[in-house]
Trainee: 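I have a structure here, written as structure tokens, and I will follow up with some questions on it.
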Amino acid sequence: MAESVDSSNTTPPPESKPAATEHKSWADEAEEEVPEETNDAPSSSSVSSLNVDALAIDENKKTATKFLDEPEDSNIQAVTSGDTPYTSASTFEDLNLSPELLKGLYVEMKFQKPSKIQAISLPMILSPPHRDLIAQAHNGSGKTTCFVLGMLSRVDPNLKAPQALCICPTRELAIQNTEVLRKMGKYSGIISECAVPADSRDSIPIAKRAPIMAQVVIGTPGTIKKWITYKKLSAVRLNILVFDEADQMLAEDGFKDDSLRIMKDIERVNANCQVLLFSATFNEIVKNFVSRTVKKDHNQLFVKKEELSLEAVKQYRVNCLDELSKVEVIKDYIFEIGENVGQTIIFVRTRHSASMLHQSLAELGYEVTSIQGALQHDERDKIVKEFRDGLTQVLISTDVLARGFDQQQVNLVINYDLPVKHIVGYAREQEPDYEVYLHRVGRAGRFGRKGAVFNLICGERDANLMAKIEQHFGTHVTEVRAKSVEDYKGALREAGLLQ
DNA sequence: AAAAAAT
């Protein structure tokens, strides 16, 4: 039903081309980034021969392009602006990167060749005239590498001034992206700074801070805005501005104003700053809005929503009699067998329920940690670090970690509550937050790994939400009977997480 | 409601 809406806005109708090939498992090719799991067709599989075919032109001189490459076509729809030809990169060498950056990719990151989204987006990001780009790609498919490499490539190492800026919705994501950039840029000599609020004890008053000399700055909107306002962060030499989770950053209350403000502040002093918007989700309304926040001649990459669910992540529902039995399900089944399949994140809707669930499980003797935005910054950092180090197996979280959090050992995601949209006024029926759902699911199955999601459903209200989610993404969420451990084992086996 | 972050 919504498909027509989707395609009409993503892509002008093709004129002469046959319909895009059926979608194949994205996961198969996303695995390219994981050396030990690489079992793909050899890289000679004709990626380099693809070129851009003009399919249709609209009044803005937008050209719809279809990248015809590997047999497992991932159906990323490209809309390019003007007549710059872009050729997909089959190797990182195709991108004219510095030897230092190539070394970072191969030695530090252990990458072999670009993933699909990298192959397509990087030429668009790196080739003059450096047009703005709105890029959508699946969870865990390597978006971070796209913009991190974009930032590193567009920095002049000899110029000691901020040249690349990246804005993220959470502290955790800003830290994670900074770590990726430092790793990838290890041999480049490029200096970076993470702009998130410091612990109260070692924070320096902004007025006393020296101006930022780092060449790349990655952070959250409040701190970045503050640095710009106090003239500690100059936008004059910025070549590239990235919004990670851009749909949230630019369209959601609380983020939108800050993001647009930062964009305007930069524009005022710098007309040539390339803007990149990255996310796994851009719903139709948001897509429409954000495309008006970037330059008119921007390029676009989009994926249909029906093809966004990761096929490698199996989705299940568990019907629970009441809220209390949700805890039973978690302790009897998830803890009994879940611990054998890797790490688990349990998502809850409120900060309060994060604490409550944590407490209940702790009282029952289970080792869990929980994270939510009301905790102290250093506490948040500590909990994430323990989880990353594998010291904790099960982490309860609000949606603070719903987006972007990349921990490859997470194979299991529990939706203790389904995400719902906050509707102002008196709505009769609750609407699921489809984007948050997809992002939560995407915490499992990183880079094409297997994963499973258990949605704990209680009552008609939850059942309704679940049904809407299934309909929206065109996926089936299999029911698991909450009767015995065997039922759960069967589900995990089916998901490929158990033998 | 949650996410940022400032006061």
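Reminder, nothing fancy here: chain letters follow the sequence lines and each chain counts from 1. Since we're looking at a predicted model, the values are computed, not measured.
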Trainee: I'd like to know if the side chain of A:Y366 pairs up with that of A:Q393 as donor and acceptor (distance under 3.5 Å, no hydrogens or angles considered).
Mentor: no
Trainee: Donor-acceptor pair, distance only, cut-off 3.5 Å: does the side chain of A:S355 make one with the backbone of A:R351?
Mentor: yes
Trainee: Does A:R440 make a side-chain N or O approach to OP1 or OP2 of B:dA3 shorter than 4.0 Å?
Mentor: no
Trainee: Pull out every residue in residues 398-405 of chain A that has a heavy atom closer than 4.0 Å to any atom of DNA chain B, ordered by number, or say none.
Mentor: A:T398, A:V400
Trainee: Decide if the gap between the ring center of A:F282 and the ring center of A:F302 is smaller than 6.0 angstrom.
Mentor: yes
Trainee: Quick one: is A:K421 getting a side-chain N or O under 4.0 Å of the B:dA1 phosphate, OP1 or OP2?
Mentor: no
Trainee: Nearest to the A:Q248 side chain among B:dA3, B:dA6, B:dA2, which nucleotide is it?
Mentor: B:dA3
Trainee: Report the distance from atom CD of A:Q430 to atom P of B:dA2, rounded to the nearest whole Å.
Mentor: 13 Å
Trainee: Take atom CZ of A:R349 and atom P of B:dA3, then tell me their distance rounded to the nearest Å.
Mentor: 12 Å
Trainee: Closest approach to the side chain of A:P221, judged atom by atom: which nucleotide of B:dA4, B:dA6, B:dA3 is it?
Mentor: B:dA4
Trainee: Tell me the interatomic distance from A:R380, atom CZ, to B:dA4, atom C1', rounded to whole angstroms.
Mentor: 8 Å
Trainee: Does A:V420 reach a base, just sugar-phosphate, or nothing at all? Heavy atoms under 4.0 Å.
Mentor: base
Trainee: Determine whether the aromatic ring centres of residues A:F454 and A:Y333 are separated by less than 6.0 angstrom.
Mentor: no
Trainee: How many Å lie between CG on A:L173 and P on B:dA3, as a whole number?
Mentor: 14 Å
Trainee: Send over the distance from A:I262 CD1 to B:dA6 P, rounded to a whole Å.
Mentor: 12 Å
Trainee: So A:Q372, base contact, sugar-phosphate only, or nothing? Heavy-atom distance under 4.0 Å.
Mentor: sugar-phosphate
Trainee: Would you find a donor on one side and an acceptor on the other, under 3.5 Å apart, between the side chain of A:D132 and the backbone of A:D297?
Mentor: no
Trainee: Any carboxylate oxygen within less than 4.0 angstrom of a Lys/Arg side-chain nitrogen, looking at A:R182 and A:E179?
Mentor: no
Trainee: Distance check needed: B:dA6 C1' versus A:I228 CD1, whole Å only.
Mentor: 16 Å
Trainee: Sub-3.5 Å donor-acceptor pair from the side chain of A:S121 to the main-chain atoms of A:C146, do we have one?
Mentor: no
Trainee: Tell me the interatomic distance from A:F347, atom CZ, to B:dA3, atom P, rounded to whole angstroms.
Mentor: 12 Å
Trainee: A:E435 has an atom CD; how far is it from atom P of B:dA3, in whole Å?
Mentor: 18 Å
Trainee: Classify the nucleic acid contact of A:D417 as base, sugar-phosphate or nothing, counting any heavy atom under 4.0 Å across all strands shown.
Mentor: nothing
Trainee: Would you classify A:G254 as touching base, sugar-phosphate or nothing, given that sugar-phosphate means primed atoms plus P, OP1 and OP2, and contacts are heavy atoms under 4.0 Å?
Mentor: base
